[in-house]
Amino acid sequence: MSITIKTAEEIEKMRVAGRLTAEVLDYIKPFVKPGVSTDALDKLCHDLMVDVQNSIPAPLNYAPPGHKPYPKSICSSINHQVCHGVPSVDKKLKNGDVVNLDITVIKDGWHGDSSRMFYVGEPSILARRLTEITYECMWKGIAAVRPGVHLGVVGAAIQKHAESNGYSVVREFCGHGIGRGFHEEPQVLHYGKASEGPILEPGMTFTIEPMINAGRRDIRVLGDGWTVVTKDHSLSTQWEHTILVTGTGYEVLTLSAECPPPPAFITG
Ligand code: MF3
Ligand code: CO
Ligand code: CO
């Protein structure tokens with residue numbers, strides 16, 4: 001398989017899927033409070049997708065090669081969990097936690113994929129700083145997207161911003177092409193050289209979803225086969241948007257009213 005270029009009609013369907021993905025994240029925000037279980041958040045999101053949006057939660061039963069089927073409809077990754085945290089009745093959010101909720105919907109056969117960080121009560125200054133720098137990292141990567149450049153510009157921009165702030169970039173997981181498939185080509189690395197990778201063309205769609213650690217970059221996967229944590233138990237945060245390469249730059253397909261605004265270096 002190679003990188004698919006989406007037609008105008010397909011892009012319109014990606015816009016719809018992206019909008020619904022953002023709508024789930026907007027909807028769940030007021031429920032992210034101390035005492036709520038991640039399983040309750042999963043059920044709320046599942047029911048919105050299935051009963052209201054008539055969309056399909058892509059993670060549910062998702063089984064890439066070498067993995068057992070993912071058992072839930074969203075991913076919820078708390079504090080030192082890097083990604084793919086599995087919602088559970090036993091995982092109750094507590095004051096000071098930072099949690100990433102990662103939503104992927106399928107609508108009319110097309111995917112939208114986005115994740116945001118949420119503060120549970122009052123997190124530490126350190127947790128806020130990591131969350132904010134990671135948000136800037138994602139936007140540094142997005143802002144580098146335009147036709148004619150190598151995809152490596154994205155990872156190079158992200159790595160530079162993360163490391164100059166004293167943080168590390170997770171290597172084992174990356175962004176990905178997205179469309180009819182959940183995970184398509186290309187792999188979107190969050191580190192590396194600007195001169196590497198395929199040349200971007202209008203109509204390509206992919207995610208940018210940096211996982212940035214306060215400590216060392218190393219990770220391990222828990223016994224559930226899914227939940228990824230930092231080896232040193234340091235905090236890890238992540239943000240994700242689905243991006244379209246346009247004729248002149250980029251379009252973010254997973255925006256909504258409730259998303260935090262882009263950093264000042266984007267909006268001027
Ligand atoms: N949404 C994740 C991503 O950004 C993938 C989750 S796969 C799952 O690519 F099976 F864990 F849900
Ligand atoms: Co993704
Ligand atoms: Co995702």
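Whatever order the structure lists them in is the order used to number ligands and atoms, beginning at 1. Residue indices begin at 1 and follow the sequence shown. Only this structure's heavy atoms are used, side chains among them; waters, hydrogens and symmetry mates stay out. Since this is a predicted model, take the numbers as computed values, not measurements.
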- request: Start with the C-alpha distance between N213 and S234, add both sets of side-chain angles, then the distance that settles side-chain hydrogen bond (donor to acceptor under 3.5 Å, both in side chains), and finish with yes or no.
  value: CA-CA 7 Å; N213 298 348; S234 65; 5.1 Å; no
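Using bins of under 30°, 30° to 60° and over 60° for the plane-to-plane angle, the ring pair Y27/F31 lands in the tilted bin. The aromatic rings of W226 and H84 stand perpendicular to each other, their planes meeting at an angle above 60°, with 30° marking the opposite boundary. In this structure, H183 and H176 have perpendicular ring planes: the angle between them is above 60°, well past the 30° mark.
Note on D232 versus R216: no salt bridge recorded, every NZ/NE/NH1/NH2 to OD/OE distance being 4.0 Å or above. Note on R128 versus E122: salt bridge recorded, some NZ/NE/NH1/NH2 to OD/OE distance being below 4.0 Å.
In this structure, atom 9 (O) of ligand 1 lies nearest to the protein heavy atom H183 NE2, 2.8 Å. With respect to atom 12 (F) of ligand 1, the closest heavy atom belonging to the protein is P59 CB, 3.1 Å. The shortest contact between atom 5 (C) of ligand 1 and any protein heavy atom is with F182 CZ, 3.6 Å. The closest protein non-hydrogen atom to atom 4 (O) of ligand 1 is E209 OE1, 2.8 Å. Nearest non-hydrogen protein atom to atom 7 (S) of ligand 1 is Y62 CD2, 3.8 Å. For atom 2 (C) of ligand 1, the closest heavy atom belonging to the protein is D102 OD2, 3.3 Å.
Between H84 and ligand 1, no N or O atom pair is found at a separation short of 3.5 Å. Annotation: E240 places an N or O atom under 3.5 Å from an N or O atom of ligand 1; distance criterion only. Polar contact with ligand 1: absent for W226 (N/O pair, distance under 3.5 Å).
Residue contacts with ligand 1, taken as heavy atom pairs separated by less than 4.0 Å, involve H176 solely via side-chain atoms from C-beta onward. Neither the backbone nor the side chain of S115 comes within contact range of ligand 1; no heavy atom lies under 4.0 Å.
With no hydrogens or angles considered, no side-chain donor-acceptor pair links H241 and Y250 at under 3.5 Å. Side-chain contact annotation: S256 with D26, donor-acceptor N/O pair under 3.5 Å present. T4 and E184 share a donor-acceptor pair across their side chains, judged by distance under 3.5 Å alone. Side chains of D39 and S37: no donor on one and acceptor on the other come within 3.5 Å.
Less than 2.8 Å away from the Co ion (ligand 2), the protein contributes these N/O/S atoms: D113 OD2, H176 NE2, E209 OE2, E240 OE2.
For ligand 1, the atoms lying closer than 4.0 Å to a non-hydrogen atom of T104 are 1 (N). Interface of D113 with ligand 1, defined as ligand atoms under 4.0 Å from a residue heavy atom, comprises 1 (N), 3 (C), 4 (O), 9 (O).
Linking ILVMFWY side-chain heavy atoms closer than 4.5 Å, directly or via other members, places Y167 and L235 in a single hydrophobic cluster.
The environment of E185 atom CD is dense: over 12 non-hydrogen atoms of other residues, nucleotides or ligands sit within 6.0 angstrom.
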